[in-house]
Amino acid sequence: MTKELKNYIAGRWVTSSKTFEKRSPFNGDLVATVHEATAEMVDKAVTKGREVSIGSQANQWGDLPMKQRLAVIYDFADNLIARVDDLIEADMADTGRSYWQASKFDGARAARLFRGYADAAISLENRSTQFAGELGFKGMWYTNRRPKGVIACICPWNVPLLMAAMKVAPALVMGNAAILKPSEETPSSATVLAEVIAASDIPDGAFSLVHGFGVDSAGAFLTAHPQVDAITFTGESGTGASIMKVAAKGLRDVSLELGGKNAALVFEDARMDAVAEGMTRSAFFNCGQICFCTERAYVHRSRFDEYVKRMANIANGIVIGQRDHDGFNIPPLVSHSHRDKVKALLDTVPEHGGEFVAGGGIPTFDDERENGAFIQPSIAIGSPEDAPFVKQELFGPVLHVAPFDDEEEAIALANDTQYGLGACIWTENHSRALRVAPKLRVGHTWVNSWQIRDLLSPLTGAGSSGIGEQGGRHSLEFSSLPQTVTMRIFESDA
Ligand code: NAD
């Protein structure tokens with residue numbers, strides 16, 4: 001029987017007369033029928049969220065002493081970790097990933113993040129100091145971090161539960177109401193999350209789940225709602241810009257984690273074995289659908305041919321779409337419409353003078369995968385730097401490779417993009433790594449690796465890659481208001 005995924009609003013599971021189908025990108029099978037939230041449902045979630053975070057019922061959540069609230073979160077987090085098999089199954093169904101990948105990257109890691117944020121909140125300081133004011137008065141001020149109210153958490157599909165956890169966890173820890181709008185492509189693991197919250201001591205309304213799309217649907221209803229106090233969004237840069245416009249009405253806070261066109265610089269002294277291992281992951285992991293994936297590789301001319309040959313061999317041998325494969329393998333793209341977009345850009349490569357040394361097309365199968373959204377891991381050389389393939393984010397398993405002659409040119413090539421999310425530097429020369437890293441206009445640079453990442457470290461992007469910082473303390477700060485109270489200290493008693 002097909003699963004029915006409902007909205008979870010103010011403590012109740014809510015159906016809708018409007019539904020949509022979630023189909024598997026692996027074989028086109030129906031995964032679930034999803035109930036799309038209406039504007040009235042979103043309004044109910046927001047109204048109840050306001051009550052329990054900063055309104056008349058804040059004694060149940062927003063006003064709870066931090067330790068009491070964290071005890072509820074720790075308890076819930078343990079129950080979420082206990083459901084890890086269901087989270088993995090949900091992720092595999094929505095994205096077509098293998099067990100190997102789903103178990104490594106999303107479910108358990110996301111579940112553990114709730115504990116991580118609770119731990120980080122304990123050490124978040126409230127500041128205080130004594131001072132002498134302008135008129136000779138003495139005083140003391142202290143800050144107290146209070147919930148902002150209702151936080152809209154709008155998520156993409158690429159690492160669905162992890163993205164949700166990165167937004168919902170800090171919001172709840174700081175006493176807000178979190179309203180989660182997962183991507184229409186990945187509604188399943190968010191529903192498991194809601195089930196665990198429904199069974200926990202987190203009060204009704206502190207978390208709601210609304211399913212649907214962006215424009216004219218749950219995403220737009222939520223971001224436009226005047227009682228949403230802050231919006232944390234991860235997705236495409238264009239969508240982020242639209243959301244920012246909507247948030248300007250009422251001057252609501254935004255945190256935007258957006259697209260990228262990440263570069264890797266391979267210098268002449270790089271260890272090619274490490275490069276090959278790291279760049280196989282950075283270009284092709286999750287079929288290139290990680291925001292930090294490398295889509296442009298600039299390689300010192302003296303190692304260019306060696307690099308291209310080695311990476312092309314690897315790309316041509318990558319296991320595609322075997323759900324039982326217990327090693328590096330790649331799933332399909334998330335949907336046929338996303339594949340159409342990636343394929344259309346691949347098709348522009350020859351007309352701009354580039355050539356594929358690996359992939360460039362759609363693989364064929366003689367089984368159910370023929371109905372999936374698969375694409376070949378692809379490497380192209382010879383494309384000019386202003387070609388659409390080099391400029392636009394593809395969010396697929398694609399790599400543009402070009403040579404450089406010196407450090408200065410390498411830095412200029414890496415920075416020649418509107419984006420500024422991530423970069424990799426491959427070199428044995430640590431002075432060079434320390435010299436080059438700060439010159440790359442990105443939020444996160446890896447040296448001799450990719451995605452070794454503490455999820456509580458700052459996540460930010462330059463240019464079209466985002467606004468604000470997420471991760472650890474930064475997300476806790478975004479999710480709270482540091483209220484200052486100043487008290488006068490009299491010189492003596494009256
Ligand atoms: P998307 O922008 O199409 O959608 C993201 C979410 O926004 C979805 O839930 C969608 O329904 C919703 N949405 C769309 N239009 C909306 C609107 N007008 N108002 C409100 N909500 C709206 O992005 P996607 O295709 O789901 O995700 C892929 C993108 O996400 C890529 O660009 C990728 O680089 C980016 N991404 C960035 C990071 C990061 O940390 N910087 C991480 C992961 C993904």
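Ligands are counted one by one from 1 in listed order, and the atoms in each one are counted from 1 as well.
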Handout entry: Geometric class of the Phe285/Phe328 ring pair [parallel <30°, tilted 30-60°, perpendicular >60°]
Key = tilted

Exercise for the section: Specify whether Trp446 and Trp450 have parallel, tilted or perpendicular ring planes, treating 30° as the upper limit for parallel and 60° as the lower limit for perpendicular. Expected result: tilted

Exercise for the section: Could you say whether the N/O atoms of Asn158 and ligand 1 ever approach to under 3.5 Å? Expected result: no

Problem - Under-4.0 Å heavy-atom contact between protein and atom 34 (O) of ligand 1 - result: yes

Handout entry: Structural part of Gln289 in contact with ligand 1, heavy atom criterion under 4.0 angstrom
Key = neither

Completion exercise
Near Pro182 (heavy-atom distance under 4.0 Å), the atoms of ligand 1 are 9 (O)

Completion exercise
If you scan protein heavy atoms around atom 21 (N) of ligand 1, the nearest is Gly219 CA, 3.6 Å

Practice task
Decide whether Ser189 and Asp91 meet the rule of one side-chain donor and one side-chain acceptor closer than 3.5 Å.
Solution key: no

Handout entry: ligand 1 contacted by Gly466 (non-hydrogen, < 4.0 Å)
Key = no

Exercise for the section: For atom 24 (P) of ligand 1, grab the closest protein heavy atom and report residue, atom and distance to one decimal in Å. Expected result: Trp157 NE1, 3.3 Å

Problem - Enumerated ligand 1 atoms positioned under 4.0 Å from heavy atoms of Ala220 - result: 19 (N), 20 (C)

Fill in the blank from the handout: Quick note on ligand 1: atoms under 4.0 Å from a heavy atom of Thr234 include exactly 5 (C), 36 (N), 37 (C), 38 (C), 39 (C), 42 (C), 43 (C), 44 (C)

